[in-house]
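Structure, as structure tokens:
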Protein chains: 2
Amino acid sequence: MNEGDTPRRKVTSFDVAERAGVSRAAVSRTFTPNASVSPETREKVHKAAKELGYRVNYLARSLINRRSDLVGVVAAGMDNPFRSQQIHEIAKALVGRNFRPILLPADEAESVNRMMDQLLHYNVSGVLVTSDAPPTALCEEFAAHAIPIVLINKGDAIAHVDRVISDDETAGRIAAETLLEAGATRLAVICGAEVSYTARRRQEAFLATCRGLGASAQAMPVAINDYGNGFAAAAAAADFDGLFCVNDYMAFGVIDGLRAAGRDIGKIRIVGHDDIPQAAWAAYDLTTLRQPCDIQAEQAVELLLGRMDAPRMKERTELTPVTLIRRATA
Amino acid sequence: MNEGDTPRRKVTSFDVAERAGVSRAAVSRTFTPNASVSPETREKVHKAAKELGYRVNYLARSLINRRSDLVGVVAAGMDNPFRSQQIHEIAKALVGRNFRPILLPADEAESVNRMMDQLLHYNVSGVLVTSDAPPTALCEEFAAHAIPIVLINKGDAIAHVDRVISDDETAGRIAAETLLEAGATRLAVICGAEVSYTARRRQEAFLATCRGLGASAQAMPVAINDYGNGFAAAAAAADFDGLFCVNDYMAFGVIDGLRAAGRDIGKIRIVGHDDIPQAAWAAYDLTTLRQPCDIQAEQAVELLLGRMDAPRMKERTELTPVTLIRRATA
DNA sequence: GATGCCATTGTACACGTGTGCAACGCCTGC
DNA sequence: GCAGGCGTTGCACACGTGTACAATGGCATC
């Protein structure tokens with residue numbers, strides 16, 4: 001049909017060099033920052049490159065540079081709006097620094113393993129993990145290759161693996177104080193038993209604060225922190241007038257569950273965590289602790305960059321600050 | 001400190017070959033499907049590889065193979081739960097077929113351009129687009145390089161660019177029929193004016209069906225299809241008793257807006273679109289049209305695979321089927 | 001005019017892999 | 001015993017790029 005019919009060879013730096021009447025090295029240098037090229041040749045090269053539609057092959061470049069600018073993002077629980085927002089922010093932060101995120105969904109521990117293994121084949125410049133933490137042996141392998149790993153909201157301390165964690169101590173404390181100030185007297189915290197380290201820390205800080213203030217508080221364990229478990233837990237929450245839900249997603253379930261049970265929401269104080277967009281919606285209007293995942297993403301990328309320069313440095317932990325967002329429920 | 005102290009050279013196929021006492025070609029063949037290697041050497045190679053922690057370097061491989069198994073995913077609107085769920089399913093579908101998704105957020109048209117350009121540097125095996133469609137010139141460049149592009153829920157017909165589109169005709173028709181069957185007499189459809197092709201098609205099918213059945217129906221334009229605009233639109237919806245919201249996300253806003261205005265939700269029929277998880281929540285319990293984004297992701301990847309084999313084939317359009325999910329609101 | 005410095009350029013090697021080609025050895029069938 | 005076939009193997013080249021090194025030329029300084 002048209003000219004593209006014969007799948008023409010990819011245009012390489014050789015083609016550009018020939019057309020511009022310079023050596024191939026000059027072409028390479030033109031597209032390499034801080035390389036020594038005269039303005040004239042640079043001009044000629046750019047002209048020829050544009051005419052031919054030349055693009056530097058980053059894969060070939062990475063072969064010699066030993067850095068691909070690809071960053072693995074191993075993610076779980078993207079059905080939760082907070083988690084997917086987190087992925088979004090991480091991707092934006094990475095792209096902003098000229099990295100390319102490879103998104104690998106890994107909901108089970110076994111697939112985390114497989115995905116991380118895949119990444120070793122791609123010479124990634126680093127890995128961000130929001131799923132379960134990879135096994136220590138695998139982390140050591142990454143460390144041996146000087147590939148930084150940063151865990152987000154995971155507890156496991158692993159050698160040479162940085163972490164960024166939400167300030168759960170403060171979150172738990174503020175949640176307790178807020179409920180008490182609002183007049184609650186019989187408090188409870190609803191939290192998944194078998195789940196995230198960070199949610200459990202919030203629960204503990206909450207309970208500790210209550211103990212410290214001599215207030216009545218109790219833990220209501222559920223399986224995992226989602227809408228359905230929140231809804232179900234609401235039925236058993238009849239004895240309490242102040243509830244801390246360790247994430248908003250579950251808080252919505254609790255609120256709907258309370259309504260379904262005919263309880264007056266006005267009489268019961270609720271504090272959530274994360275401040276996902278839906279928390280501001282009229283149906284819930286939830287008082288909650290904002291976990292700024294844009295800032296968190298920046299912190300994670302920053303840690304990544306730091307470790308690229310010093311792979312054997314002792315592992316660091318960065319805290320993401322939380323803020324109370326006051327709305328109707330407390 | 002320990003042995004990893006000196007950042008030891010990456011282990012290559014040379015190292016494995018030496019240790020296994022075979023040629024490097026034998027190593028390569030061992031890790032290449034359908035290559036001719038005797039069971040004995042394969043055994044030796046695997047043993048040596050395991051001992052050394054060898055991994056094939058996919059970037060180097062892609063250089064010679066001319067295919068990287070990387071697939072660009074250009075995405076917009078990840079704040080909308082449906083869109084992010086879509087990304088999740090796409091990522092899963094790609095990983096399932098042994099591709100690696102590069103996630104590039106591109107909310108403005110200009111950044112779509114930039115991201116697509118980036119992808120050309122990475123020799124991607126294909127591109128999936130859920131953001132704005134890339135400009136035709138850029139698409140042609142991809143076609144010239146025989147890189148498949150698949151647009152998801154975008155209208156623009158571009159040469160050699162496949163599309164998968166939700167069955168909006170059916171969706172609009174069923175929405176109208178459902179509202180009428182439920183007893184509504186004064187219908188309206190709420191839809192963003194400057195937005196997605198696919199949402200507008202739903203609106204048109206809805207209005208056409210109403211016209212065909214001699215029912216009263218009207219369009220209520222808003223700016224974009226999100227919660228806030230839905231909430232605001234509810235105030236002006238006093239004259240209607242049957243509403244079709246072109247996506248669930250906005251339907252929630254409409255429902256909350258109606259409640260805030262003191263209207264009795266029981267008296268007004270509402271149908272949404274997408275069936276995001278929140279639609280099943282007790283607070284909304286929304287009757288809606290399910291757009292199965294797992295199936296849609298599969299279709300998209302299938303189109304991608306098809307075009308890899310036949311890059312110059314005429315562009316195809318695949319329709320994603322929709323299903324009515326009956327809940328409380330209609 | 002000779003000397004030294006500096007910016008620029010080209011040559012040549014390296015990065016880690018897949019595979020065509022020819023050579024080799026083993027087995028089968030006559 | 002020998003021809004022919006087939007499964008394996010190794011050599012060598014290719015993929016597209018960055019950069020060390022030496023060479024070149026221009027300019028300022030003595």
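Letters go in sequence order (proteins before strands), and every chain restarts at 1. The structure presented is a predicted model; accordingly, all values stated were derived computationally and were not measured.
- Among dT17(D), dT17(C), dG16(D), the nucleotide with an atom closest to any side-chain atom of Lys10(A) is dG16(D).
- Between its opening and closing five pairs, the helix from dG1(C)-dC30(D) to dC30(C)-dG1(D) changes axis direction by 40°, a value rounded to 10 degrees.
- Contacts between residues 20-37 of chain B and DNA chain C, defined by a heavy-atom separation under 4.0 Å, are made by Arg24(B), Ala25(B), Ser28(B), Arg29(B), Thr32(B).
- In this structure, the CD atom of Glu43(A) is 13 Å from the P atom of dT9(C), given to the nearest Å.
- In this structure, Tyr122(B) atom OH and dT17(D) atom P are separated by 14 Å, rounded to whole Å.
- Within residues 54-63 of chain A, the residues that have a heavy atom under 4.0 Å from DNA chain C are, in order of number, Leu63(A).
- When rounded to the nearest whole Å, the span between CZ of Phe14(B) and P of dG16(C) equals 9 Å.
- Side-chain contact of Lys10(B) with Asn123(A): a donor-acceptor pair under 3.5 Å is present, judged by distance alone.
- The shortest distance between the side-chain N/O atoms of Thr41(A) and the OP1/OP2 oxygens of dT8(C) is not below 4.0 Å.
- Under a cut-off of 6.0 angstrom, the local environment of CD in Glu318(A) is crowded, with over 12 non-hydrogen atoms contributed by other residues, nucleotides or ligands.
- Taking atom CZ of Arg67(B) as the reference point, atom C1' of dG16(D) lies 19 Å away to the nearest angstrom.
- Summarising the geometry, the separation between CZ on Arg42(B) and C1' on dG7(D) is reported as 13 Å, rounded to the nearest angstrom.
- Salt-bridge annotation for Arg55(B) and Asp117(A): present, with a side-chain N of the basic residue lying under 4.0 Å from a carboxylate O of the acidic one.
- Using the six-membered ring where Trp is involved, Tyr58(B) and His121(A) have ring planes that are parallel, under 30° apart on the 30 and 60° scheme.
- Rounding to whole angstrom units, CZ of residue Arg66(B) and P of dA14(D) are separated by 13 Å.
- Atom P of nucleotide dG16(D) and atom NE2 of His121(B) are separated by 15 Å, given to the nearest angstrom.
- OP1 and OP2 of dT8(C) both lie 4.0 Å or more from every side-chain N or O belonging to Ser38(A).
- Residues Phe31(B) and His46(B) place their aromatic rings such that the two centres sit under 6.0 Å apart.
- Contact check for His88(A) versus Ile87(B): no side-chain heavy atoms found under the 4.5 Å cut-off.
- Salt bridge status for Lys47(B) with Glu43(B): absent, with no side-chain N to carboxylate O gap under 4.0 Å.
- Per the geometry, CD1 belonging to Ile64(A) stands 17 Å off P belonging to dC15(D), to the nearest Å.
- Taking the charged nitrogens against the carboxylate oxygens, Glu110(A) and Arg114(A) do have a contact shorter than 4.0 Å, which makes a salt bridge.
- Counting only N and O atoms by type, the side chains of Thr317(A) and Arg163(A) include a donor and acceptor under 3.5 Å apart.
- Between the side chains of Gln296(A) and Glu89(A), no donor-acceptor pair of N or O atoms lies under 3.5 Å.
- The shortest distance between side-chain heavy atoms of Thr130(B) and Ile90(B) falls below 4.5 Å.
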